[in-house]
Amino acid sequence: MTQAFYTAIGGMAAGQTKITVVADNIANMNTIGFKASNVNFSDVYYKTSSTGQAPTGQMGGINPKQTGIGVQTASITRDFASGTTLTTGLNTDLCINGSSFFTVASPTVEILYTRDGNFTIDANGNMVTSSGYKLLGTNNSLNTVSSTTPIKIPTYITTITKPSTADQMNNKALNDLNGIKSGGVSSGTFTLTTYDDAGTHTEHQITVNGDMTVEGLVNAINDANAGVTASIVDGKIQIATDDIGQTPRFELTNDENGTNLVTQLGFGKVDENGVMQSEVINYHQTIGEGTPGSEDAQNYTSVSINENGIIEVKYGNNDTLSVMQDPDDPSKMILKYTLNDGTVITGNDLTVNDQLVEPANLQIQMASFVNPQGLTAQGNNTYSSGPNCGMALYGSISSSAFGNVKSGVLEGSNVDLASEFADMVVSQRAIEANSRVFTTTNEILQTLSNLGR
């Protein structure tokens, strides 16, 4: 009979566990990125009086006789369904559309995971959580090992924009030049027309395409033997008459249905010295660390984050610094500097102080798990990996394996208040019913003890 006492106590303890979980859920109903938990119960053990008997002859079968001895907490599972969305308008507030996690580093450099996208930029340019944990970036689209590189904004920079030298331009394809107008150079021919003193003109057709190098274009003009010489000067292609003593008379024109090279390179008119120049068709950009307060330092004015987790930093001169896919290795990112007129400078045309910024500083790292319910909550809206969460996959959102993010929005709690109130009432009644069993058992034992008087 005393077993009923312990069974009732177990029932009340189970109800109390449920109430505790419900209380935690309700307490965190306004916590950013919070995931509600749910308690599941199972029976404990059965005392078997008889295992039963199979049918034999004229006798039917007999079922087993077992007495249960209570309930136990089988599991406490966390619901990782998306929560409500809260619009804030702040560029550094991020909401994940998908089942992945942001990765952050604790003060002990332990890799932690969070759905809380309430980030800010600290005095050193680091993007941090409300608890000061640094958000991590990556330069890998997919990896099984986490990066430890933080997202870090270069807050002050110095910039030097210069036309490229001949050595920097020679081997670049025409369509890879950063000063080329939108649309690039089309394939076809253009005409170099020269005039003699009598006014007789001679046409020289030159064939080009967008993959031709700058050096190839210069050689093609020079090989036309038109009495002019082409060269690269201060980021431009310059064409000069060979005989300065004569009146300089030549012109370049796009052929009908031919290439648009003359227009795209912005060739002007021949000057009095017999020289024609294109516009600057390639720039080289140097970026260094700036000193706050100095005249040549540009301070960052704003940060924007696209749905692929790529960060773009805007500076006081309206230039921007970001990253883009490496044309030679799409799994990696390279730095990209955009002038305020829209000119994009990247690759070998961009020299950046390694101590200032690297691509991983400007692309957010995400993580996903086979079983996110196996993660261990660590407080401060973070989780650590557990023995049953499975292998973690790390990488950038641009790999399409992690969903995407939305800037200016936060993910709220996914607590369903109506369900929590219902669970609270049911748990309360369960505790009351088990306490009634306890009282009834006590009265029965009291009655039995009185029989001996």
Side-chain angles (χ1 to χ4, degrees), residues 160-197 200-286 327-328 337 339 341-351:
I160 301 174
T161 307
K162 289 184 176 181
S164 299
T165 64
D167 287 341
Q168 292 169 334
M169 290 174 58
N170 270 334
N171 295 321
K172 291 199 68 172
L174 294 176
N175 280 340
D176 290 338
L177 296 167
N178 55 53
I180 289 290
K181 299 180 179 68
S182 176
V185 174
S186 59
S187 298
T189 60
F190 71 94
T191 299
L192 166 61
T193 305
T194 57
Y195 299 84
D196 60 19
D197 289 340
T200 304
H201 71 276
T202 304
E203 294 184 350
H204 308 269
Q205 284 192 324
I206 301 173
T207 302
V208 299
N209 61 70
D211 293 329
M212 174 184 278
T213 64
V214 176
E215 185 177 36
L217 174 61
V218 169
N219 291 338
I221 295 173
N222 292 335
D223 291 344
N225 295 317
V228 298
T229 299
S231 59
I232 302 171
V233 179
D234 295 332
K236 307 173 182 178
I237 292 182
Q238 176 178 287
I239 305 174
T241 57
D242 294 339
D243 190 350
I244 299 299
Q246 293 182 346
T247 302
R249 299 181 67 188
F250 71 92
E251 61 183 15
L252 299 180
T253 55
N254 291 323
D255 291 345
E256 186 177 358
N257 300 321
T259 180
N260 59 358
L261 179 134
V262 178
T263 304
Q264 287 297 83
L265 271 60
F267 278 104
K269 295 182 178 180
V270 181
D271 64 21
E272 66 276 8
N273 296 315
V275 176
M276 174 190 288
Q277 294 190 45
S278 72
E279 296 176 352
V280 177
I281 56 176
N282 206 75
Y283 295 91
H284 187 272
Q285 182 74 34
T286 302
D328 298 324
Y337 191 81
L339 302 179
D341 64 0
T343 300
V344 176
I345 304 175
T346 187
N348 294 330
D349 296 322
L350 182 61
T351 300

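By the side-chain hydrogen bond (donor to acceptor under 3.5 Å, both in side chains) test, Thr229 pairs with Asp242, sequence neighbours left out. For Glu279, the salt bridge (charged side-chain N to carboxylate O under 4.0 Å, His left out) partners two or more places apart in sequence, or in a different chain, are Lys181. Remark: Thr213 pairs with no residue by the side-chain hydrogen bond (donor to acceptor under 3.5 Å, both in side chains) rule, at least two apart or across chains. In this structure, Thr207 has no side-chain hydrogen bond (donor to acceptor under 3.5 Å, both in side chains) partners at least two apart in sequence or on a different chain. Residues passing the salt bridge (charged side-chain N to carboxylate O under 4.0 Å, His left out) test with Asp176, sequence neighbours excluded: none. For the side-chain hydrogen bond (donor to acceptor under 3.5 Å, both in side chains) test, residues two or more places apart in sequence or in another chain that qualify with Thr351 are His284.
In this structure, CD1 on Ile237 lies 5.0 Å from CZ on Phe267, to the nearest 0.5 angstrom. To the nearest 0.5 Å, atoms CE (Met276) and NZ (Lys236) are separated by 13.5 Å. Taking NZ of Lys172 as the start and CG of Leu174 as the end, the distance is 10.5 Å to the nearest 0.5 Å. Atom-to-atom distance recorded for Thr194:OG1 and Asn225:CG is 11.0 Å, nearest 0.5 angstrom. Atom CD1 of residue Ile221 and atom CD of residue Gln238 lie 11.5 Å apart, to the nearest 0.5 angstrom.
The closest side-chain heavy-atom distance from Thr189 to Thr259 is not below 4.5 Å. Between Asn170 and Ile232 there is a side-chain heavy-atom pair separated by less than 4.5 Å. Leu339 is listed as a side-chain neighbour of Gln285, based on a closest heavy-atom distance under 4.5 Å. Contact annotation: the side chain of Leu252 approaches that of Leu192 to within less than 4.5 Å [non-hydrogen atoms, C-beta and beyond]. Side-chain atoms of Glu215 and Asn171, non-hydrogen and from C-beta on, do get closer than 4.5 Å to each other. At a threshold of 4.5 Å between non-hydrogen side-chain atoms, the residues Thr241 and Phe250 count as touching.
None of Val208, Asn209, Leu261 except one satisfies the side chain to side chain contact (heavy atoms under 4.5 Å, CB included) rule with Ser187; the exception is Asn209.
Here the closest non-hydrogen pair linking Ser186 and Gly258 is OG-O, 3.9 Å. Shortest non-hydrogen contact noted between Ser278 and Ile281 is OG-CG2, 4.1 Å. For the residue pair Ala173 and Gly210, the shortest heavy atom distance occurs at CB-O, 3.7 Å. Contact record, Asp349 with Tyr283: CB-O, 3.5 Å, taken as the closest heavy-atom pair. When every heavy atom of Ala224 is checked against every heavy atom of Ile206, the shortest pair comes out as CB-CD1, 4.3 Å. Of all non-hydrogen atoms in Val344 and Asn178, the two that sit nearest each other are O-CB, 2.9 Å.
Side chains of Asn282 and Ser164: a donor-acceptor N/O pair is present below 3.5 angstrom, by distance only. In the model, Thr193 has no side-chain atom that pairs as donor or acceptor with a side-chain atom of Glu203 under 3.5 Å. Judged purely by distance below 3.5 Å, without hydrogens or angles, the side chains of Asp211 and Asn175 never pair a donor atom with an acceptor atom. Between the side chains of Asp341 and Thr343, a donor-acceptor pair is found at a separation under 3.5 Å.
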Inset, instruction - Please lay out, stage by stage, how Val185 and Leu177 fare under the test side chain to side chain contact (heavy atoms under 4.5 Å, CB included). - result: CA-CA 10 Å; Val185 174; Leu177 296 167; over 6 Å; no
Legend entry - Audit row: Gln205, Asp255, side chain to side chain donor-acceptor pair (under 3.5 Å) steps and yes/no: CA-CA 9 Å; Gln205 284 192 324; Asp255 291 345; 3.2 Å; yes
Inset, instruction - Any chance you could lay out the side chain to side chain contact (heavy atoms under 4.5 Å, CB included) test for Val275 and Gln277, step after step, and finish with the verdict? - result: CA-CA 7 Å; Val275 176; Gln277 294 190 45; 4.0 Å; yes
Inset, instruction - Show the numbers, then the answer: is there a side chain to side chain donor-acceptor pair (under 3.5 Å) between Asn254 and Asn260? - result: CA-CA 6 Å; Asn254 291 323; Asn260 59 358; over 6 Å; no
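Ion pairing between Asp234 and Lys162 fails under the 4.0 Å rule for side-chain N and carboxylate O.
With a 6.0 Å radius and a threshold of 12 heavy atoms from other residues, nucleotides or ligands, Asp223 has its CG atom above the threshold.
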